[in-house]
Amino acid sequence: MRDIHQKYVTETYDENGILKDFSVQCPDDYNFAYNVVDDIAAAEPDRQAMIWVNPEGEEHIFTFGDMKYWSDKTANFLAQNGISYGDRVLVILRRHYQFWFVALALDKLGAIIVPATFMLKEHDLDYRINSAGVTALICTNVGEIAQVVDNALELCPTLTTRILVNGAGGGCTPAAEIAELKAQAPKTAVDHNRSGDAPATESAESSFDVYTAKGSVLSGAQGILATRVKREGWLDFNAGVRAASADFTPLATKAKDAMIMYFSSGTSGNPKMVLHDSLYSLGHLGTAKHWLNVKGDDGLHFTIADTGWGKAVWGKLYGQWLMETSVMTYDFDRFIGEEICEIIERYKVTSLCCPPTMYRLIMQGKVDDYDLSSLEYSCTAGEALNPDLFDSWRERTGLHLTEGFGQTETTVTVANLVGMAPKPGSMGRPVPLYVTKILDEDGNETPSGQTGEICIAYDAQNPPPGIMLEYYRDPAKTAEAIYDGWYHTGDTAWRDEDGYFWYVGRNDDVIKSSGYRISPFEIESVLLLHPAVSECAVTGVPDPLRGKAVKATVVLASGFDGTGAAGEKLTKEIQTFMKKETAPYKYPRIIDYVSELPKTVNGKVRRAVIRSADEEKTTTAEADKRHAPEEFGG
């Protein structure tokens, strides 16, 4: 390990070894793909970059030499098909290894990658493609998303190039077929694709049907991009990249060129287009080194995130590879805790990051059947961490769950940094790469204990590394977020006497009831202490007396009944419990029992979906009342 990240940072530590000062220096011509990945490939081509597996049984171990080889070929293929500097390219690739080839290739071309989830519908694609001026789309054939793209095509005149990837299952293969694939798997170790191996050739295809092949037959060097796909109007990514030259001539790019753009959904209005330059990758050194605690030699980091969401590049690309650390990627469709435990045990994962919901599901499964002793560090983000989960994870693994906070617009900005003693439920303290404060409505820093908005100092002429450049093509939204020298996150928190931040919620998540400001996360943490509650989400619902009433949407633990008289009795029991554990005005006046909570593909609860459904019910009920006959109270 050469510690190449030291070229770009200055760091100092206090007497306890905790990060004290942290700054980034970025050359004008910095490019992540060239200056990090290709640099490592030239010096240490055999250094492991990623272990990739899927439920079907396919496995690949990629080195940095491999990543340079395949990204160069991908760049040539994309350039041959008209993709060039400044183009916005929508990329929907689930957790397929092709995502990494594409991300690096677009960086080398100076094009802008726009990652997106496979859960989009026609109106979502219409908005994204037209608002961003997307000219090309690279998409998986797994699931229905390619058909959704075709359905929306006539509404998207800027989209001229469609490229399809055969994802070889992506974990969506029926369970019975997966079991059969695994039964057919060879008992000997697979031939991993390490640098120095002969590059994969087309002759490898003769041993299987290239359109239907899945599983271990695709493992190793000869299986990379060996599958094929046919769809009218689409180019075949795997075939095109295989056929492309590996001799790529580097292009001149600038560090302040736009590099990546995400669509970030709010609670109202269309998603905002969050634009970042190449300094975003360097900002993630704080994420990887000082929060996730990744280690270059003998380290294997596992962030569980779909590539359509920002958390994927937080934990599976930029900071990790700047630290010369290998990442673990599992190309699954449905989260199953036992499968994650098996991955950790089999590949000796050393550090893990996923939302609290996923940790909770792991703990509710057969976690004791697996050896998790390889884990040295564990982090969480995306939602509030309740103390009960913090304690149970520590009892099982001996590890603290260390929280962090950031947004699509940022890297990690508040965290329990390496060496800090975490306080269960606290996000930690500000990362010293940024000046982060909690401000009141007048722009003054709040005293300890008082809730305000998390804000980050922002110089529009020289934006902090890792903080967005703007909301693309939306100066009004940009001005709402960046003004008076601050980036206003829209998230609220309070600070304790030790400088630790405690999350309250999004400005729109905070429940304002009878004059009180109530944090949904605080109530959820207490609810999860009740034995009947497996998962929960707390929201506010319209109430004529209080403005908003507290509502809990609950998934019950096994053995509890939420229907009929039993459900009414259980609701009273939970409410009584809550009144004893929290201030009386915080208890949920409404409890709704459901089989599952709406979540993102990464397991984050979508409270906005619950709020939207409740608001629709309220609107419908009011309309029905207005039009009801007199005997029904009209």
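- Partners of Asp21 under the side-chain contact (heavy atoms from CB on, under 4.5 Å) rule, at least two apart in sequence or in another chain, are Thr12.
- Residue pairs meeting the ring pair (Phe, Tyr, Trp, His ring centres under 6.0 Å) criterion with at least one partner in residues 362-399, sequence neighbours excluded, are Tyr359-Trp393, Phe390-His400.
- Ring orientation note: the planes of Tyr318 and His284 are close to parallel, at an angle under 30° on the 30°/60° scale.
- Asn54 contributes no side-chain N or O that, together with a main-chain N or O of Asp331, makes up a donor-acceptor pair within less than 3.5 Å.
- Residue pairs satisfying the side chain to side chain donor-acceptor pair (under 3.5 Å) criterion with at least one member in residues 435-457, sequence neighbours excluded, are listed as follows: Glu453-His488.
- No donor-acceptor pair under 3.5 Å is formed between the side chain of Glu376 and the backbone N or O of Thr350.
- Listed by chain and residue number, Glu339 satisfy the side-chain hydrogen bond (donor to acceptor under 3.5 Å, both in side chains) test with Tyr330 (two or more places apart in sequence, or in another chain).
- Gln575 places a side-chain N or O within 3.5 Å of a backbone atom of Pro588 that can act as its donor or acceptor partner.
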Step by step, would you call Asn416 with Tyr500 a side chain to side chain contact (heavy atoms under 4.5 Å, CB included)? CA-CA 9 Å; Asn416 289 279; Tyr500 284 72; 3.8 Å; yes
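- Here the side chains of Ile260 and Pro115 are in contact, with some heavy-atom distance below 4.5 Å.
- Tyr262 is linked by a side-chain hydrogen bond (donor to acceptor under 3.5 Å, both in side chains) to nothing, counting only residues two or more places apart in sequence or in another chain.
- Under a 4.0 Å N-O distance rule, the pair Asp333/Arg94 qualifies as a salt bridge.
- Scanning for side-chain contact (heavy atoms from CB on, under 4.5 Å) contacts around Ile482 gives Tyr458, Met468, Thr478, Tyr487, with sequence neighbours left out.
- Using a 30° and 60° split on the angle between ring planes, Trp321 and Phe32 fall in the parallel class, below 30°.
- Of the possible donor and acceptor atoms, none in the side chain of Trp494 sits under 3.5 Å from a partner among the backbone N and O of Ile438.
- Ion pair Asp496/Arg429 not flagged as a salt bridge, since none of the NZ, NE, NH1 or NH2 atoms sits closer than 4.0 Å to an Asp/Glu carboxylate oxygen.
- Remark: side-chain polar atoms of Thr489 are not paired, donor with acceptor, to backbone N or O of Cys455 under 3.5 angstrom.
- No cation-pi contact links Lys477 to Tyr471, judged by a cut-off of 6.0 Å to the six-membered ring centre and 45° from its axis.
- Ion pair Asp391/Arg394 flagged as a salt bridge, since at least one NZ, NE, NH1 or NH2 atom sits closer than 4.0 Å to an Asp/Glu carboxylate oxygen.
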Check the pair Val554 / Leu556 against side chain to side chain contact (heavy atoms under 4.5 Å, CB included), numbers first and verdict last. CA-CA 6 Å; Val554 171; Leu556 290 173; 3.9 Å; yes
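- Remark: the Glu581 side chain and the His530 side chain contain no N/O donor-acceptor pair separated by less than 3.5 Å.
- With salt bridges taken as basic N to acidic carboxylate O contacts below 4.0 Å, none links Glu480 and Lys272.
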